[in-house]
Amino acid sequence: MHLVLHRVDGGVTATPLTDAGESAGEPTRVDEPGLPAFVAAHDAPDVRWVWDDTARWYPAVLAAGGRVGRCVDLRLCRRILRGALAARGTVLAAAPVDTWDAPGQEARPTRPTQARLFDDALFAVGPADDAADPVTEFRLQLDAIATSTTPGALRLLTTAESAGALVAAEILHAGLPWRADVHERLLEQELGPRVPAGVRPRRLEELAVEIRTHLGDPGLNPDSPADVLRALRAAGLMVSSTRKWELQELEHPVIAPLLEYKKRSRLLTANGWAWLDEWVQDGRFHPKYVVGGVVTGRWAADGGGAMQLPKTVRSAVVADEGWAFVVADAAQLEPRVLAAMAGDRAMATAGDGRDLYDGVVASGAVETRQQAKGAMLGAMYGATQGDAGRLVPRLARAFPAALGLVDRAARAGERGEPVTTLLGRTSPVPDEAWFAARNRAWSVDGTPAQQRAVEGRARSWGRFTRNFVVQGTAAEWALAWMGSLRTRLATRFPGPLTAGPHLVFFVHDEIVVHTPVEHAAFVAEQVRAAAVDAGRLLFRDFPVVFPLSVSTVRDYGAAKD
DNA sequence: CGCATTCGCCAC
DNA sequence: AAACGTGGCGAATGCG
């Protein structure tokens with residue numbers, strides 16, 4: 001049973017449809033304020049809410065203490081289906097571009113102007129009517145999935161993506177517990193007492209003085225790479241940039257304070273007092289995830305740098321009194337995903353019951369874990385040089401199926417063809433200029449220089465498609481993992497979201513659940529069970545395992561990584 | 001002056 | 001020692 005929500009004539013209609021998309025009764029009219037209560041009254045295990053954009057509908061439900069079990073996020077699903085190679089021959093694929101192809105425009109709480117306040121007082125303006133009919137769109141999508149070449153995979157992908165949208169909305173709502181006092185103590189310790197924006201904190205100023213002294217340049221601005229580079233060269237140091245890894249190699253008294261300055265300066269600018277003021281309210285950081293925000297299907301984050309939360313500040317993430325965090329990280333997720341999607345039994349065996357890189361060493365392909373890791377990442381990223389590049393051929397001999405899969409993806413990309421993830425998310429193809437340049441280079445008046453440049457660009461696109469298939473399928477595994485965990489937790493704790501264990505953070509292959517201490521063991525068990533679910537959903541009975549490292553901690557900084 | 005680009009670091 | 005994927009973000013710098 002589906003209930004399709006639609007804003008029309010100043011209110012909301014809920015249209016019941018069968019699973020096949022056929023009418024299952026008359027639409028019900030609800031007024032906007034009554035929507036959360038309506039959703040609460042009608043949510044059920046067999047109900048799937050259909051709406052244009054989860055971020056536009058779900059926050060009000062959550063704010064009222066409600067939640068839903070399942071949904072279809074039409075905008076996210078449209079984007080997947082529109083691009084999917086497997087749905088290329090469908091009516092949807094041939095339909096002209098319309099508003100469903102536009103990015104989401106969730107109701108952003110913009111500050112109303114005086115004029116708006118005046119209008120609102122007069123007319124009590126609610127959200128505008130929806131331009132497009134979600135029932136029509138939903139049926140178009142059902143048809144696209146059913147008539148695609150891989151209906152099962154696309155059904156799973158769109159379901160997982162929609163579940164992801166629910167998770168993202170719930171994390172935004174609940175927020176990550178954040179102790180501003182702990183964070184402030186850390187800042188004071190690293191930088192000195194708090195200073196106004198634009199003023200260099202004491203510890204940084206001391207380091208700046210040291211740097212200037214060592215370089216004999218009293219006017220040096222250590223925040224200016226150009227300035228620092230000039231000064232380093234004037235001091236006789238041969239460097240091509242001021243990057244950390246390059247400076248680390250040098251022997252000079254300025255290097256230590258300079259690296260120290262860069263490290264602390266980064267803390268100040270990325271997660272200093274300004275960040276704390278802007279992003280932490282009432283003891284919570286509310287990460288706004290963008291589901292499918294990365295081409296590969298990975299999530300992105302909008303503001304606050306949620307996907308790049310430095311290890312150094314994670315100690316400020318402290319569970320509420322009587323609560324704990326269950327932190328779980330999928331070990332060597334991408335190579336395991338690659339082994340499974342390629343059906344590479346040798347690689348699956350390497351990862352069975354142990355660290356996968358240790359297993360690669362045990363297979364005899366390479367000598368050390370470090371080599372195994374470097375070569376494996378190199379194979380998935382397309383390394384051609386250095387240690388990794390040299391070792392990739394040895395992996396190719398040991399694991400021909402897995403390496404063959406990424407190589408085929410790379411070659412398709414080099415030809416300008418799309419590639420797909422396991423469930424059918426499809427890569428973009430290069431723009432017209434890419435093809436035009438290629439054709440020009442290989443025409444009768446193409447020059448060798450043009451041909452070299454074009455080959456370089458082709459290899460670069462090939463590295464993108466090589467990685468796309470693995471990164472994108474790993475993102476699908478993570479969606480399935482979170483989706484399954486979410487359902488498991490909701491089944492056991494059906495009340496308001498934040499009254500029981502709930503997801504509060506996610507980074508590609510790692511999740512954090514905030515839970516009452518007494519339920520931590522149950523949560524840890526469910527997190528592991530959900531990982532098994534995800535493996536089965538994607539790879540059925542292929543013998544690949546997805547081990548997790550799970551820790552129960554009071555603060556995120558204490559989690560094993 | 002605002003906007004775009006570059007540099008460099010953070011995460012996976 | 002650094003070349004090998006996906007991103008966000010902030011300060012400095014370049015440009016119209």
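Chain naming here is simple, since letters A, B, ... match the order of the sequence lines and numbering starts at 1 in each.
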Asks: Would you kindly give the CD-to-P distance between Glu334(A) and dG5(C), to the nearest whole Å?
Replies: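 Rounding to the nearest Å, CD of Glu334(A) and P of dG5(C) are 13 Å apart.
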Asks: Does some side-chain heavy atom of Val294(A) sit less than 4.5 Å from a side-chain heavy atom of Gln471(A)?
Replies: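 Side chain of Gln471(A) against side chain of Val294(A), heavy atoms only: contact under 4.5 Å found.
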Asks: When you get a sec, tell me which of dA11(B), dC10(B), dC4(C) is the closest nucleotide to the side chain of Gln385(A)?
Replies: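 Given the options dA11(B), dC10(B), dC4(C), the side chain of Gln385(A) is closest to dC4(C).
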Asks: Does Lys263(A) reach a base, just sugar-phosphate, or nothing at all? Heavy atoms under 4.0 Å.
Replies: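 Answer is nothing: Lys263(A) stays at 4.0 Å or more from every strand.
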Asks: What nucleic acid atoms does Asn221(A) come within less than 4.0 Å of, heavy atoms only: base, sugar-phosphate, or nothing?
Replies: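 Here Asn221(A) touches the backbone only, sparing every base.
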Asks: For dC4(C) and Lys373(A) - does any side-chain N or O of the residue sit under 4.0 Å from the phosphate oxygens OP1/OP2?
Replies: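 No, no such contact exists.
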Asks: What's the CE-P distance between Met307(A) and dA11(B), to the nearest Å?
Replies: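 Rounded to the whole Å, the gap is 14 Å.
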Asks: Find the distance Asp387(A):CG to dC4(C):P and express it as a whole number of Å.
Replies: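 It works out to 13 Å between those atoms.
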Asks: Got a salt bridge between Asp533(A) and Arg536(A), using NZ or NE/NH1/NH2 to carboxylate O under 4.0 Å?
Replies: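 Result for this pair is no, no salt bridge flagged.
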Asks: Would Asp355(A) and Gln332(A) count as having a side-chain donor-acceptor pair, cut-off 3.5 Å?
Replies: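 Asp355(A) vs Gln332(A): donor-acceptor pair found between side chains.
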Asks: Tell me which nucleotide among dC10(B), dA11(B), dT13(C) gets nearest to the side chain of Ala226(A).
Replies: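 The answer is dT13(C), which lies nearest to the side chain.
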Asks: Would a 4.5 Å heavy-atom cut-off, applied to side chains only, mark Asp73(A) and Asp53(A) as touching?
Replies: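 Of all side-chain heavy-atom pairs linking Asp53(A) with Asp73(A), at least one is under 4.5 Å.
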Asks: Checking all strands, does Glu246(A) fall into the base, sugar-phosphate, or nothing category for heavy-atom contacts under 4.0 angstrom?
Replies: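 Nothing, no heavy atom under 4.0 Å.
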Asks: Considering only dC9(C), dC4(C), dG8(B), which nucleotide approaches the side chain of Lys262(A) most closely?
Replies: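 The nucleotide sitting nearest to the side chain is dG8(B).
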Asks: Can you find a donor-acceptor N/O pair under 3.5 angstrom joining the side chain of Arg243(A) to the base of dC7(B)?
Replies: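 Under the 3.5 Å cut-off, the side chain and the base do not form any donor-acceptor pair.
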Asks: What about Arg266(A): does its side chain form a donor-acceptor pair under 3.5 Å with the base of dC9(B)?
Replies: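 When only heavy-atom distances are counted, Arg266(A) does reach the base of dC9(B) through a donor-acceptor pair under 3.5 Å.
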Asks: Applying a 4.0 Å non-hydrogen cut-off, can you work out what Val295(A) is touching in the nucleic acid: base, sugar-phosphate, or nothing?
Replies: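 It contacts sugar-phosphate atoms only.
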Asks: When we call it a touch if two heavy atoms are under 4.0 Å apart, what does Gly378(A) touch: a base, just sugar-phosphate, or nothing?
Replies: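 Since no nucleic acid heavy atom lies under 4.0 Å of Gly378(A), the category is nothing.
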Asks: With the side chain of Phe464(A) defined as its heavy atoms from C-beta on, choose the nearest nucleotide among dA12(C), dG5(C), dG7(C).
Replies: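 The answer is dG5(C).
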Asks: Choose from dC12(B), dC9(C), dT6(C) the nucleotide whose nearest atom is closest to any side-chain atom of Asn467(A).
Replies: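 Selected nucleotide (nearest to the side chain): dT6(C).
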Asks: Heavy atoms only, 4.0 Å cut-off, all strands: where does Ser241(A) land among base, sugar-phosphate and nothing?
Replies: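 Sugar-phosphate contact only - Ser241(A) comes under 4.0 Å of backbone atoms but never of a base.
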Asks: Would you mind telling me which of dG7(C), dA11(B), dG8(B) lies closest to the side-chain atoms of Val294(A)?
Replies: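 Side chain of Val294(A) sits closest to dG7(C).
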Asks: Please classify the nucleic acid contact of Gly389(A) as base, sugar-phosphate, or nothing, using heavy-atom distances under 4.0 Å.
Replies: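 Touches nothing.
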Asks: Which nucleotide sits closest to the side chain of Thr242(A): dG5(C), dG8(B), dC4(C)?
Replies: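 The answer is dG8(B).
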Asks: Using a 4.0 Å heavy-atom cut-off across all strands, classify Ala270(A) as base, sugar-phosphate, or nothing.
Replies: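 Here Ala270(A) touches no strand at all.
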Asks: Base, sugar-phosphate, or nothing: which does Arg459(A) touch, judged by heavy atoms less than 4.0 Å apart?
Replies: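 Arg459(A): no heavy atom of the nucleic acid under 4.0 Å.
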Asks: Looking only at the side chain of Pro310(A) (C-beta and beyond, no hydrogens), which of the listed nucleotides dG5(C), dC4(C), dA11(B) gets closest?
Replies: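 Looking only at heavy atoms from C-beta outward on Pro310(A), the closest nucleotide is dA11(B).
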Asks: Rounded to whole angstroms, how far apart are CG on Asn271(A) and P on dC9(B)?
Replies: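 Atom-to-atom, Asn271(A) to dC9(B), this comes out as 16 Å.
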Asks: Quick one: label Gln471(A) by what it contacts on the DNA or RNA (base, sugar-phosphate, nothing), any heavy atom closer than 4.0 Å.
Replies: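 It contacts base atoms.
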Asks: Using atom CG of Leu204(A) as one end and atom P of dA11(C) as the other, report the distance to the nearest whole Å.
Replies: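 Distance check: Leu204(A) CG to dA11(C) P gives 12 Å.
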Asks: Which part of the nucleic acid, if any, lies within contact of Gly305(A), taking any heavy atom under 4.0 Å across all strands shown: a base, the sugar-phosphate backbone alone, or nothing?
Replies: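 Sugar-phosphate: the residue Gly305(A), judged by heavy atoms under 4.0 Å, touches backbone atoms but no base.
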Asks: Compute the ring centroids of Trp481(A) and Phe506(A), then answer whether they are less than 6.0 Å apart.
Replies: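 Centroid separation for Trp481(A) and Phe506(A): 6.0 Å or greater.
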Asks: Are any of the side-chain nitrogens in Lys262(A) or Glu246(A) under 4.0 Å away from the carboxylate oxygens of its partner?
Replies: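 Looking at Lys262(A) and Glu246(A), the cut-off is not met.
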Asks: Compare the minimum distances between each of dA11(C), dG7(C), dC4(C) and the side chain of Thr384(A), then state the nucleotide with the smallest one.
Replies: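 Nucleotide nearest to Thr384(A)'s side chain: dC4(C).
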Asks: How long is the line joining CG of Leu338(A) and C1' of dT6(C), in whole Å?
Replies: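 Spelled out: CG on Leu338(A) to C1' on dT6(C) is 17 Å.
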Asks: Take atom CD in Gln248(A); do more than 12 heavy atoms of anything else shown fall under 6.0 Å from it?
Replies: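 More than 12 heavy atoms, drawn from other residues, nucleotides or ligands, come within 6.0 Å of this atom.
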Asks: Contact class for Gly293(A) vs. all strands (heavy atom < 4.0 Å): base, sugar-phosphate, or nothing?
Replies: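 Nothing, no heavy atom under 4.0 Å.
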Asks: Just checking Arg463(A): base, sugar-phosphate only, or nothing, at a heavy-atom cut-off of under 4.0 Å?
Replies: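 Arg463(A): backbone/sugar contact only, no base atoms under 4.0 Å.
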Asks: Within the pair Ser265(A) and dA11(C), is there a side-chain N or O less than 4.0 Å away from OP1 or OP2?
Replies: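 For dA11(C), OP1/OP2 do not have a side-chain N/O of Ser265(A) under 4.0 Å.
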